[in-house]
Amino acid sequence: MTSSLTGLAQPFLVRHAIDHALPHQDVTLLAWLVAGMVAVAVVGAAIGVTQTWLSTSVGQQVMHRLRTDLFAHLQRQSIDFFTRTRGGEVQSRLTHDISGMQSVVTSTATSIAANVTVVLGTAAAMVTLSWRLALLSLVVLPPAIWLTRQVATLRHRITAERQRRLADLHVQVEEGLSVSGVLLSKTLGASPP
């Protein structure tokens with residue numbers, strides 16, 4: 001959020017340069033404004049590096065805990081659970097679902113916070129700079145929201161289908177490469193010697 005708010009200082013600096021420094025040919029003010037723009041960029045980059053380090057560190061700790069808890073949970077399941085559930089499906093959940101969670105923890109959460117801050121800060125800055133242009137630009141908001149929801153729904157369906165297919169693939173690999181699967185294939189002559 002701090003990184004997003006820092007970036008919102010740029011339009012105000014540019015406005016001050018265009019409205020005051022350039023028309024009055026105030027070189028000193030212009031130099032200070034340019035220095036401010038450079039400072040905002042440097043501070044934003046430093047905050048971005050810190051944000052990446054923090055989100056990755058916290059994300060890895062959360063993922064370690066999630067993997068450990070999930071494995072412990074699977075160890076407590078009854079034999080009936082393992083006879084009803086395909087082994088490849090369990091492996092797929094352990095590897096792919098947790099990897100999907102990792103991206104949520106490490107990048108999506110910070111992106112949501114940053115995007116909400118940018119949207120609110122940008123809206124406030126637009127109204128402050130020119131409320132007429134702000135209203136005009138908000139006309140495109142409802143179609144953009146509708147399109148985003150359509151894409152999210154499609155992506156959800158594709159991801160669910162991908163997870164099902166990965167589970168099927170894990171089942172085939174596990175059954176095909178297990179000792180009993182290889183013996184059965186060789187016995188039936190379905191694989192080369």
When every non-hydrogen atom of Pro23 is compared with those of Ile18, the smallest separation belongs to CD-O, 3.0 Å
Does Gln10 use its side chain to pair, donor to acceptor, with the backbone of Met37 at less than 3.5 Å? yes
Of all the heavy-atom pairs spanning Pro142 and Val139, show the shortest one and how long it is. CD-O, 3.4 Å
The reported gap from CZ in Arg67 to CE in Met63 (rounded to nearest 0.5 angstrom) is 5.0 Å
Are Asp26 and His20 side-chain neighbours, meaning at least one heavy-atom pair lies under 4.5 Å? no
Among residues at least two apart in sequence or on other chains, which ones pass salt bridge (charged side-chain N to carboxylate O under 4.0 Å, His left out) with Arg149? none
Gln150 CD to Ile145 CD1 distance, which is reported to the nearest 0.5 Å: 13.0 Å
Would you name the heavy atoms of Gly44 and Thr6 that are closest together and state the gap between them? N-CG2, 4.3 Å
Answer yes or no: is there a donor N or O on one side and an acceptor on the other, between the side chain of Ser57 and the main chain of Trp53, under 3.5 Å? no
Kindly work out whether a path of hydrophobic side-chain contacts (I/L/V/M/F/W/Y, heavy atoms less than 4.5 Å apart) joins Val14 to Leu33. yes
For a side chain to side chain donor-acceptor pair (under 3.5 Å) check, start with the C-alpha distance between Gln77 and His73, then their side-chain angles and the critical distance, and finish with the verdict. CA-CA 7 Å; Gln77 294 299 312; His73 176 72; 3.0 Å; yes
Spacing of Met126 atom CE and Leu136 atom CG [to the nearest 0.5 Å]: 9.0 Å
Rounded distance [0.5 Å steps], OG1 in Thr153 versus CD1 in Ile158: 11.0 Å
Treating Ile, Leu, Val, Met, Phe, Trp and Tyr as nodes and any side-chain heavy-atom pair under 4.5 angstrom as an edge, say whether Leu70 and Val62 lie in one connected cluster. yes
Membership question, hydrophobic clusters at under 4.5 Å side-chain separation (ILVMFWY): are Leu13 and Trp32 in the same one? no
d(Thr117 OG1, Ile112 CD1) to nearest 0.5 Å is 11.5 Å
Separation of Thr52 OG1 from Ile47 CD1 (nearest 0.5 Å): 11.5 Å
Side-chain heavy atoms nearer than 4.5 Å, only ILVMFWY residues, links allowed to pass through others: does that put Leu74 and Leu66 together? yes
I'd like to know whether CD1 of Ile79 has more than 12 heavy-atom contacts from other residues, nucleotides or ligands below 6.0 angstrom. no
Of the non-hydrogen atoms in Leu30 and Ala17, which two are nearest, and what is the gap between them? CD1-CB, 4.1 Å
If the threshold is 4.0 Å, N to carboxylate O, is there a salt bridge linking Glu161 and Arg165? yes
